[in-house]
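In what follows, a single structure is set out as structure tokens and then discussed.
Along the sequence shown, residues are numbered consecutively beginning with 1. All ligand and atom numbering here is 1-based and tracks the order in the structure.
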Amino acid sequence: MTQEDLFKSLIAHAKEYGFIFQSSEVYDGLSAVYDYGQLGVELKNNIKKYWWDAMVRLNENIVGIDSAIFMHPKIWEASGHTTAFNDPLIDNKDSKKRYRADVLLEDYITKIEEKIEKEIVKGRKKFGHKFDEAQFRETNPNVLRSKKKAAEVTSRMNEALGSNDLTAVRQLIIDCDIACPVSGSRNWTEVRQFNLMFSTKMGSVSDDTNLIYLRPETAQGIFVNFLNVQKTARMKIPFGIAQIGKAFRNEIVARQFIFRMREFEQMEMQFFVRPGEELKWFEHWKEVRLKWHNAIGLGEDKYRFHDHEKLAHYANAATDIEFDFPFGFKELEGIHSRTDFDLAQHQKFSGKKIQYFDPETNESYVPYVVETSIGLDRTFLAIYASSYCQEKLESGEERVVLRLPAFLAPVKLAVLPLVKKDGLPEIAKKIMDNIKIDFNCQYDEKDSIGKRYRRQDAIGTPFCITIDHQTIEDNSVTIRYRDTMEQERVSASEVRDIIEKKVSLRTVFAKL
Ligand code: GAP
């Protein structure tokens with residue numbers, strides 16, 4: 001099965017089992033907007049709890065807030081979003097399709113890189129065990145030509161985008177001979193900037209003075225509350241403010257399921273530090289955040305840093321934590337050293353002093369900020385896609401299993417009476433009533449036990465217990481483990497502790 005087919009089948013699986021639905025599906029859907037179903041919301045809440053507790057509960061110098069989505073419109077002028085939060089767009093005149101010009105170019109570069117990898121595969125086949133990949137990459141004329149081309153296009157693209165030279169961006173598309181994937185033609189319009197913020201009107205009068213925006217990031221809600229939090233919580237620098245919440249962006253090229261959405265959730269933390277100490281904290285947060293990802297247990301090779309070569313004018317360091325999604329390594333989290341840009345801008349635009357008096361240095365200053373910003377939906381996708389597995393069993397049967405990390409699984413335990421009679425359902429419900437106080441459980445008495453196990457495998461339930469006639473005699477149950485499918489007989493009174501050991505956040509936090 002190709003990666004593309006696998007991705008399609010996991011999207012279908014997410015719908016079939018109530019993880020994710022297309023928004024407004026009965027009206028044929030709303031593009032790039034999704035609803036989380038009954039299991040999706042549980043998984044999402046578990047991810048949020050993991051992030052929140054690791055950030056806020058375990059760090060005495062970080063507190064959380066929940067700011068409003070609507071904010072004063074001047075905030076977006078101060079932050080630069082009204083003027084600079086744009087995507088460069090280009091239309092194909094024949095297909096009438098609209099594209100992000102930078103994405104067309106990035107896809108072109110990716111194709112060149114794929115060509116290089118194909119050459120490597122060819123070389124390996126040709127030279128067998130004598131193949132020296134490093135030498136081949138440095139000497140093969142086809143590889144060298146492709147590498148040179150990719151470097152040239154990347155450099156011209158960065159230059160053109162960095163200087164906002166839209167004519168140069170268009171020229172590069174022409175020079176690369178990029179055709180519209182739909183019409184196949186090279187009949188392109190000019191490149192234009194398109195602002196990504198959604199706007200609406202507040203109050204009853206609908207003129208432009210009432211224009212407000214749906215926030216495109218949660219971070220600004222933190223910046224404008226800096227003094228409120230610092231004073232009321234008596235925080236001393238260095239300290240952080242964390243927030244989980246919705247953000248909205250009118251993404252033009254919305255694709256790859258919940259990877260790029262128009263309404264999504266962010267988990268952001270702004271860490272306020274003394275000017276001059278920001279790069280030390282930037283390194284600190286890089287390390288801490290990577291540990292947080294690794295502790296989930298999807299595999300350390302799935303993550304990598306991608307340092308930004310070209311920095312935004314307000315940043316003095318920036319990196320992405322990229323994840324190996326089914327469509328390649330892509331950004332999952334951004335870590336940015338944003339200097340004093342945001343607080344200084346809000347000080348300027350609001351006319352209010354936004355400073356911190358440092359009792360250790362006897363100085364007042366605008367703090368510098370190191371930000372960690374992770375997409376909740378992308379984290380969901382990373383975990384979901386890595387856990388989705390189609391397996392062939394020794395018996396020749398196939399099963400679909402979601403190998404979700406147990407602490408994140410929506411349902412921790414399925415309680416299954418072997419038959420629907422002889423008092424077994426009553427005993428099963430009694431056991432479940434006791435355990436459901438601590439963990440999310442599901443009761444299922446329909447169909448054969450094998451079918452019920454498969455249903456639980458498909459939603460990632462790490463434990464199933466079966467209640468049978470022996471339970472009546474000695475209060476023992478069969479516990480079955482999702483990943484190994486092994487079964488053992490244990491006392492019903494032990495089940496809670498067995499689950500606790502495997503799903504407790506304590507074990508995960510020990511790795512941080
Ligand atoms: N405050 C900084 C900020 O918003 P960003 O890199 O634009 O930085 C941070 O966004 C994270 O938000 C990204 O790493 C990504 O995980 C997530 N994100 C951004 N745009 C998204 C979208 N359209 N759909 C889903 N997640 C998105």
Side-chain angles (χ1 to χ4, degrees), residues 20 23 30-34 36 44 47-48 51 65 67 69 71 75-76 78-81 84-87 100 102-103 194-198 213-224 226 240-271 282 285-286 289-290 292-293 303-308 310-312 314-315 317-325 327 329-339 341-343 345-346 369-385:
I20 298 172
S23 160
L30 189 63
S31 163
V33 187
Y34 291 91
Y36 285 83
K44 202 173 170 195
I47 300 170
K48 281 194 215 182
W51 185 87
I65 62 164
S67 69
I69 286 168
M71 298 170 80
I75 285 174
W76 307 112
S79 67
H81 281 83
F85 196 53
N86 300 321
D87 273 347
R100 260 177 65 177
D102 54 334
V103 171
F194 176 86
N195 193 281
L196 294 181
M197 282 198 295
F198 284 102
Y213 298 98
L214 274 71
R215 65 180 179 200
E217 61 171 13
T218 63
Q220 298 303 324
I222 294 179
F223 290 127
V224 296
F226 166 74
I241 305 178
Q243 156 153 252
I244 299 178
K246 290 262 179 167
F248 304 83
R249 296 182 188 177
N250 196 1
E251 299 282 0
I252 293 310
V253 186
R255 52 180 187 176
Q256 286 146 344
F257 194 33
I258 55 168
F259 181 80
R260 198 175 296 286
M261 301 156 89
R262 297 202 165 107
E263 175 180 338
F264 58 99
E265 256 179 287
Q266 290 183 316
M267 306 191 282
E268 297 200 292
M269 193 279 298
Q270 314 294 322
F271 200 70
F282 174 73
W285 281 108
K286 269 177 79 170
R289 292 304 303 146
L290 188 62
W292 182 90
H293 286 284
Y303 301 88
R304 71 179 187 198
F305 283 117
H306 173 245
D307 294 332
H308 292 202
K310 201 141 184 59
L311 295 170
Y314 51 79
T319 196
D320 293 336
I321 296 181
E322 293 187 336
F323 185 79
D324 191 5
F325 287 98
F327 36 84
F329 272 96
K330 297 270 183 234
E331 176 184 345
L332 173 59
E333 170 158 7
I335 301 168
H336 312 121
S337 172
R338 299 179 66 115
T339 67
F341 174 78
D342 301 271
L343 290 182
Q345 284 291 97
H346 290 308
V369 171
V370 175
E371 161 185 81
T372 71
S373 174
I374 173 172
L376 174 55
D377 311 271
R378 284 192 193 175
T379 311
F380 185 110
L381 181 59
I383 293 166
Y384 191 83

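- How far CZ of F248 is from CZ of R262: 13.5 Å, rounded to the nearest 0.5 Å.
- At the shortest separation from atom 10 (O) of ligand 1 among protein heavy atoms lies Q266 NE2, 3.4 Å.
- Residue E217 touches ligand 1 through its side chain alone, judged by heavy-atom distances below 4.0 Å.
- Proximity of L332 to ligand 1 is established by a heavy-atom distance of less than 4.0 Å.
- Residue, atom and distance of the protein heavy atom nearest to atom 19 (C) of ligand 1 are R249 NH1, 3.5 Å.
- Contact annotation for S373 and ligand 1: heavy atoms of both the backbone and the side chain come within less than 4.0 Å of the ligand.
- Under 4.0 Å from ligand 1, the heavy atoms of E333 that appear belong solely to its backbone.
- The protein non-hydrogen atom at the shortest distance from atom 17 (C) of ligand 1 is G375 CA, 3.6 Å.
- Using cut-offs of 30° and 60° on the angle between ring planes, the pair Y314 and F341 is parallel.
- Here the heavy atom of the protein found nearest to atom 24 (N) of ligand 1 is M261 N, 2.9 Å.
- Nearest protein neighbour of atom 25 (C) of ligand 1, counting heavy atoms only, is F259 O, 3.2 Å.
- Looking only at distances, a side-chain donor or acceptor of N195 sits under 3.5 Å from a matching main-chain atom of M197.
- The pair R338-E371 meets the salt-bridge criterion, with a side-chain N (NZ, NE, NH1 or NH2) lying under 4.0 Å from an Asp/Glu carboxylate O.
- Distance alone, capped at 3.5 Å, is enough to place a donor-acceptor pair between the T319 side chain and the H306 backbone.
- Of all atoms in ligand 1, listed by their number and element, those nearer than 4.0 Å to a heavy atom of A219 are 1 (N).
- From Y213, atom OH reaches atom CD1 of I75 across 12.5 Å, with rounding to the nearest 0.5 Å.
- No side-chain heavy atom of I244 sits under 4.5 Å from any side-chain heavy atom of Q266.
- Protein heavy atom nearest atom 15 (C) of ligand 1, with residue, atom name and distance: R378 NH1, 3.5 Å.
- Residue contact check: E268 has heavy atoms under 4.0 Å from atoms 1 (N), 2 (C), 3 (C), 4 (O) of ligand 1.
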| said: Under the criterion salt bridge (charged side-chain N to carboxylate O under 4.0 Å, His left out), I'd like the reasoning laid out for E265 against K44: C-alpha separation, chi angles, the key distance, then a yes or no. | reply: CA-CA 10 Å; E265 256 179 287; K44 202 173 170 195; 2.7 Å; yes
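- Protein heavy atom at the shortest distance from atom 18 (N) of ligand 1 is F264 CE1, 3.5 Å.
- Atom 6 (O) of ligand 1 has its closest protein heavy atom at E331 OE2, 3.1 Å.
- The backbone N or O of T218 lies less than 3.5 Å from a partner atom in the side chain of E268, making a donor-acceptor pair.
- Ring pair Y303/F323 is perpendicular by interplanar angle, where above 60° counts as perpendicular and below 30° as parallel.
- Which parts of ligand 1 touch E371 is read off a 4.0 Å heavy-atom cut-off, strictly below it: atoms 1 (N), 2 (C).
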